[in-house]
Asks: 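This is the structure I have questions about; it appears just below.
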Amino acid sequence: MTNPTNLASADADRAPSAGPRAGRREWTALGVLMLPLLLVSMDVSVLYFAIPQISADLEPTGTQQLWIFDMYAFVLAGLLMTMGSLGDRIGRRKLLLIGAGAFGAASLLAAYANSAETLIAARALLGIGGATLMPSTLAMIRTLFTDPAQRSTAIGMWSGVMTAGVALGSVMSGVLVEHFWWGSVFLVNLPAMALLLLIGPFLLPESRNPAPGRFDLLSVPLSMAAVLPVIYGLKEIPSEGWNVRYVVPVTVGLLFAALFVHRQRTAESPMIPPALFRGRGFAPAVSLNLLSSFGMMGSAFFTTQYLQSVLGKSSMEAALWGLLPTVLVGVAAPVAAHLVQRGVHRAYVVSGGFVLAACGYGMLTAAGTDSMWLVLGGAGVIASGIVTVMSQMMDLALGTVAAEKAGTASSVLETGAEFGGALGMALLGSIGTAVYRHEVPDSAPAAAHETLGAALAEAARMPSRAGDALTAAAREAFTSGMQAAAVAGALLLLGAAVLATVSLRQVHVREPKPTEQDKVCV
């Protein structure tokens with residue numbers, strides 16, 4: 001005879017205990033939260049078309065130009081855990097509003113920067129502001145939506161906006177730079193931040209950890225020393241190879257990561273409480289979310305270059321075509337949430353998302369040098385599968401932690417995603433680069449063996465027949481590299497699907513009942 005207790009346990013993930021349902025006020029507040037999230041994600045790619053004008057106006061050195069582009073993402077990644085923990089202590093709404101003010105002020109400084117040094121500093125300040133906004137918006141969803149089904153829908157919207165923002169940033173940059181000066185790409189942040197500062201205090205509830213303990217200052221530099229060198233090294237490896245200049249930072253970062261973990265285990269009041277990972281579901285959620293980010297960024301490394309350098313699209317054309325795969329993203333997360341709410345076990349929904357993304361990589365393995373629709377379709381299928389996984393893992397992670405830990409939990413998830421994205425670009429990019437260098441003819445100039453972009457530049461300086469031959473060979477070599485990387489990506493995601501099934505099958509979320517401290521509306 002079946003034990004009723006076991007039945008209840010098996011159904012816990014499918015029908016978690018519901019809190020009060022959100023109304024119009026909460027959904028309006030979610031709309032307000034989407035504005036800063038969209039802008040923070042757009043700022044990752046908003047300089048895509050502005051760099052040429054910035055170079056002509058501010059005359060940065062090559063190194064300064066790289067830092068203008070990368071400083072924002074580095075600071076953002078390095079401070080996510082610090083800001084998530086800080087928000088749990090001082091209040092997420094307070095931190096969100098402080099971050100909105102800082103983001104707006106830094107945007108104004110960046111728009112009117114009169115030197116490369118000033119712009120780099122402004123980009124760093126934008127990263128600080130962004131690091132306060134991202135975990136705060138996700139943590140506040142945990143506070144606004146205590147009903148699991150509604151929260152799942154809200155997190156799906158959060159995931160879709162974050163993913164679409166990166167693609168929209170480059171397009172918006174191209175449109176604004178075409179009609180205005182380069183500083184306009186930063187000024188668009190001001191109205192949204194002003195709106196958040198005006199109506200946020202009335203719509204958004206304040207929430208914090210009622211007993212957070214002392215803030216562990218030593219964990220701040222340790223966390224940054226763990227994150228920044230690893231992200232930096234992994235971002236450079238795809239284009240530069242496994243050079244000692246980039247392997248050493250990754251190694252140093254991993255050593256600091258070990259020190260950071262030791263600090264969290266031994267500190268009286270750690271920044272990231274180890275108890276978070278003892279909750280059933282949180283550790284698998286972080287790991288699977290990292291793997292999903294691996295798959296997303298690994299494919300983006302190739303599809304962007306394919307559109308520009310293989311098909312010969314202009315930067316603006318490539319950015320516009322690159323928007324097409326995001327159309328499917330808006331459908332994936334709501335469908336996944338609906339399936340879970342209808343009784344399909346989360347393990348199967350997540351593993352299905354990984355299999356779908358693997359099928360997208362499978363489509364890339366069949367691409368030739370004139371397969372735009374196949375590549376765009378593959379990118380769309382990958383994005384749909386990955387967003388399915390991401391939305392479910394965020395929902396699972398937030399559902400397994402008490403509301404007072406939501407900021408810290410959000411920051412761990414997002415930091416893991418940053419690591420996963422950088423790792424995807426490094427490993428899949430390295431596979432593609434190795435195959436490319438092997439496939440380029442030995443007779444080609446030395447520079448042409450480094451990257452497709454270098455090969456096209458060399459071809460442009462050669463006589464027409466020789467240049468055309470080098471261009472065709474380099475494009476074939478790059479496509480072969482993309483196919484090889486796609487095989488590796490598909491295999492990894494199929495392995496992730498198996499891991500998701502095994503690790504999530506026995507995860508049954510029983511959410512803590514809402515308390516008065518979970519939601520304090522002001």
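Just so you know, these numbers use all the heavy atoms, side chains as well, and skip hydrogens, waters and symmetry mates.
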Asks: Of all residues at least two apart in sequence or in a different chain, which pass the salt bridge (Lys or Arg N to Asp or Glu O under 4.0 Å) check with R475?
Replies: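 Once residues adjacent in sequence are excluded, R475 has no partner under the salt bridge (Lys or Arg N to Asp or Glu O under 4.0 Å) criterion.
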Asks: Going by the rule side-chain contact (heavy atoms from CB on, under 4.5 Å), which residues pair with V261 if we only count those two or more places apart in sequence or in a different chain?
Replies: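 With sequence neighbours excluded, V261 shows a side-chain contact (heavy atoms from CB on, under 4.5 Å) to R265, given in chain and number order.
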Asks: Identify, with sequence neighbours excluded, every residue that meets side-chain hydrogen bond (donor to acceptor under 3.5 Å, both in side chains) alongside T118.
Replies: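 Testing T118 for side-chain hydrogen bond (donor to acceptor under 3.5 Å, both in side chains), a comparison that skips the adjacent residues, returns S115.
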Asks: Please name all residues satisfying side-chain contact (heavy atoms from CB on, under 4.5 Å) with L290, sequence neighbours left out, ordered by chain then number.
Replies: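 L290 satisfies side-chain contact (heavy atoms from CB on, under 4.5 Å) with F419 once adjacent residues are dropped.
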Asks: Is I382 close to L364 at the side-chain level, that is, under 4.5 Å between some pair of heavy atoms?
Replies: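 Yes, at least one pair of side-chain atoms sits under 4.5 Å.
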Asks: Can you list everything that forms a side-chain hydrogen bond (donor to acceptor under 3.5 Å, both in side chains) with T479? Sequence neighbours excluded, please.
Replies: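 Testing T479 for side-chain hydrogen bond (donor to acceptor under 3.5 Å, both in side chains), a comparison that skips the adjacent residues, returns none.
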Asks: Using the side-chain contact (heavy atoms from CB on, under 4.5 Å) criterion, which residues pair with L195? Sequence neighbours excluded.
Replies: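 Only L35, I199 meet the side-chain contact (heavy atoms from CB on, under 4.5 Å) criterion with L195.
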Asks: Under the side-chain hydrogen bond (donor to acceptor under 3.5 Å, both in side chains) rule, collect the residues that match up with S384, sequence neighbours excluded.
Replies: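 S384 satisfies side-chain hydrogen bond (donor to acceptor under 3.5 Å, both in side chains) with no residue once adjacent residues are dropped.
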Asks: List the residues meeting side-chain hydrogen bond (donor to acceptor under 3.5 Å, both in side chains) with T415, not counting sequence neighbours, and say none if there are none.
Replies: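 For T415, no residue satisfies side-chain hydrogen bond (donor to acceptor under 3.5 Å, both in side chains) once neighbours in sequence are set aside.
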Asks: Please collect all side chain to side chain donor-acceptor pair (under 3.5 Å) contacts where either partner lies in residues 249-260, sequence neighbours excluded, each pair once.
Replies: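 Counting only pairs at least two positions apart or across chains, no side chain to side chain donor-acceptor pair (under 3.5 Å) contact touches residues 249-260.
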Asks: Not counting sequence neighbours, list each pair that qualifies as a ring-ring contact (aromatic ring centres under 6.0 Å, His included) and has a residue in residues 304-328.
Replies: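 Residue pairs with at least one partner in residues 304-328: W321-W373.
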Asks: Tell me, please, which residues at least two apart from S136 pass side-chain contact (heavy atoms from CB on, under 4.5 Å).
Replies: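 Once residues adjacent in sequence are excluded, the partners of S136 under the side-chain contact (heavy atoms from CB on, under 4.5 Å) criterion are L95, L96.
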Asks: Enumerate donor-acceptor pairs with a distance under 3.5 Å from any side-chain N or O in residues 221-230 to protein atoms, sequence neighbours excluded.
Replies:
| from | atom 1 | to | atom 2 | distance (Å) |
| --- | --- | --- | --- | --- |
| S223 | OG | S219 | O | 3.2 |
| S223 | OG | V220 | O | 2.8 |

